[in-house]
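In what follows, a structure is listed as structure tokens, so that the remarks can point back to it.
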Amino acid sequence: MQIVPLGFEHLRQVLDLGYRVFDVTAKPYTSWSLTTVAEHLDTRDSSCWVALEGDTVVGFVLGSMEFELREDWAYLEWIAVDPDHQGKGIARRLVDTCCESLFAAGASRVVTDVEGSNTASATLMQRSGFAPAVTVTLFVRPNPSAPPSEEVLTGLPKRPLIRSGRLVGENRLPNM
Ligand SMILES: CC(C)(COP(=O)(O)OP(=O)(O)OC[C@H]1O[C@@H](n2cnc3c(N)ncnc32)[C@H](O)[C@@H]1OP(=O)(O)O)[C@@H](O)C(=O)NCCC(=O)NCCS
């Protein structure tokens, strides 16, 4: 197994693996799409890597030097390992490779966020040197006139082609 930079030739496999393993309803303000991956490839100083067995992508990590308005903070946003290859330390290697390149690019910190019930991801990050910093709880107030629905937390994203909030999206200026 080798870890190499994400290239265009890996896009299809990365996208498919993400669709298989990410539960995007867990954090309803995020979405997984080709745009998500492409934005990382398009972003200056991104740190995106794939774990390869032969030509097969068995894991990936997507990081960038973009975290909100902090110039010196980097963001490790997406990581996944194929279920058939989990538990072998692949994610640890991906996290280390990603962080090392972000630190080399000038990051003073790498930030990641983990949904509360994702024990695998929380353990991975803690074993990789991340420590819990800020806890944010997503409080939701439903519209009392709307029919009762689970969709507040499980509906499809409204803007599937724009990853809301992180790099470039509505009401945000692109990086100059
Ligand atoms: C999270 C994920 C990437 C971990 O991949 P992995 O290759 O199995 O992780 P590793 O083998 O490198 O394990 C890293 C550490 O986490 C621990 N760990 C992994 N899976 C675990 C689980 N299900 N429960 C508890 N701990 C777990 C390992 O024991 C290891 O700790 P150690 O070094 O002390 O032994 C993988 O479970 C995954 O793809 N999950 C779905 C996608 C996801 O939720 N990504 C995060 C949000 S973007």
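We count ligands from 1, going down the list as the structure has it; atoms in each ligand are counted the same way. From a predicted model like this one, the values you see are computed outputs, not experimental measurements. We number each residue from 1, following the sequence as shown.
- Nearest non-hydrogen protein atom to atom 45 (N) of ligand 1 is Ile79 O, 2.8 Å.
- Counted within 6.0 Å of CG on Asp55, heavy atoms from surrounding residues, nucleotides or ligands total 12 or fewer; the atom is thus considered open.
- The contact set between ligand 1 and Leu124, taken as ligand atoms under 4.0 Å from a residue heavy atom, comprises 14 (C), 15 (C), 16 (O).
- Here the heavy atom of the protein found nearest to atom 44 (O) of ligand 1 is Asn118 ND2, 2.8 Å.
- Every N/O-N/O distance between His85 and ligand 1 stays at or above 3.5 Å.
- Polar contact with ligand 1: absent for Phe22 (N/O pair, distance under 3.5 Å).
- In this structure, Glu115 has no heavy atom closer than 4.0 Å to ligand 1.
- Here is the list of ligand 1 atoms found below 4.0 Å of a heavy atom in Ala80: 39 (O).
- Atom numbering of ligand 1 starts at 1 in the shown order; those under 4.0 Å from a heavy atom of Thr123 are 16 (O), 17 (C), 25 (C), 26 (N).
- The shortest N or O to N or O distance between Arg127 and ligand 1 is under 3.5 Å.
- The ligand atoms of ligand 1 that sit less than 4.0 angstrom from a heavy atom of Gly89 are 10 (P), 11 (O), 12 (O).
- Interface atoms of ligand 1 facing Lys88, defined by a heavy-atom separation under 4.0 Å, are 11 (O).
- Put simply, atom 28 (C) of ligand 1 has no protein non-hydrogen atoms near it, under 4.0 Å away.
- Near Glu77, meaning under 4.0 Å from any of its heavy atoms, are these atoms of ligand 1: 48 (S).
- For atom 6 (P) of ligand 1, a protein non-hydrogen atom is found at a distance below 4.0 Å.
- Less than 4.0 angstrom separates atom 42 (C) of ligand 1 from at least one non-hydrogen atom of the protein.
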